Amino acid sequence: MPNPSAASSASTIDDVTDDETTVTVHLGDPASPLPEPDTDLMRAYIQSRQHLPYASSRSSQ
């Protein structure tokens with residue numbers, strides 16, 4: 001059985017989808033929706049990362 005914590009530690013913001021109704025994280029297939037208390041935190045995190053135009057390393061995403 002795959003280790004779910006290993007999948008989450010290797011995730012990037014490219015693995016998150018926000019359709020303005022639901023935030024999902026692609027840890028496997030299908031993507032997993034985040035519960036409501038966590039959606040605001042994830043949206044704020046993604047917004048803060050979008051202000052880093054000089055991040056050239058894949059590990060900085």
Side-chain angles (χ1 to χ4, degrees):
M1 173 175 230
N3 181 353
S5 62
S8 64
S9 66
S11 297
T12 68
I13 61 171
D14 294 331
D15 296 315
V16 179
T17 302
D18 182 3
D19 66 7
E20 297 184 20
T21 303
T22 305
V23 176
T24 57
V25 180
H26 301 270
L27 300 174
D29 191 31
S32 302
L34 289 179
E36 187 60 40
D38 298 326
T39 58
D40 291 336
L41 291 171
M42 184 60 76
R43 286 179 177 132
Y45 175 72
I46 291 170
Q47 184 66 26
S48 73
R49 301 299 294 178
Q50 290 175 348
H51 297 292
L52 298 174
Y54 303 107
S56 60
S57 171
R58 185 82 178 139
S59 65
S60 65
Q61 295 184 354

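As a basis for the values below, the full set of heavy atoms in this structure was taken, side chains included, without hydrogen atoms, waters or symmetry mates. Values in this document were obtained by computation on a predicted structure and should not be read as measured data.
- For Asp38, the salt bridge (Lys or Arg N to Asp or Glu O under 4.0 Å) test picks out no residue, with sequence neighbours left out.
- Partners of Thr17 according to the side-chain hydrogen bond (donor to acceptor under 3.5 Å, both in side chains) rule, which considers only residues two or more places apart in sequence or in another chain, are His26.
- Contact record, Ala31 with Thr24: CB-CB, 3.9 Å, taken as the closest heavy-atom pair.
- Glu20 is linked by a side-chain hydrogen bond (donor to acceptor under 3.5 Å, both in side chains) to nothing, counting only residues two or more places apart in sequence or in another chain.
- Tracing side-chain contacts under 4.5 Å through hydrophobic residues (I, L, V, M, F, W, Y), one never reaches Leu27 starting from Leu41; they form parts of separate clusters.
- Judged as a side-chain contact (heavy atoms from CB on, under 4.5 Å), and not counting sequence neighbours, the contacts of Asp18 are Val23, Arg43.
- For the pair Tyr45 and Val16, the minimum side-chain heavy-atom distance is 4.5 Å or more.
- With sequence neighbours excluded, no residue forms a side-chain contact (heavy atoms from CB on, under 4.5 Å) with Asp29.
- Ser32 is linked by a side-chain hydrogen bond (donor to acceptor under 3.5 Å, both in side chains) to nothing, counting only residues two or more places apart in sequence or in another chain.
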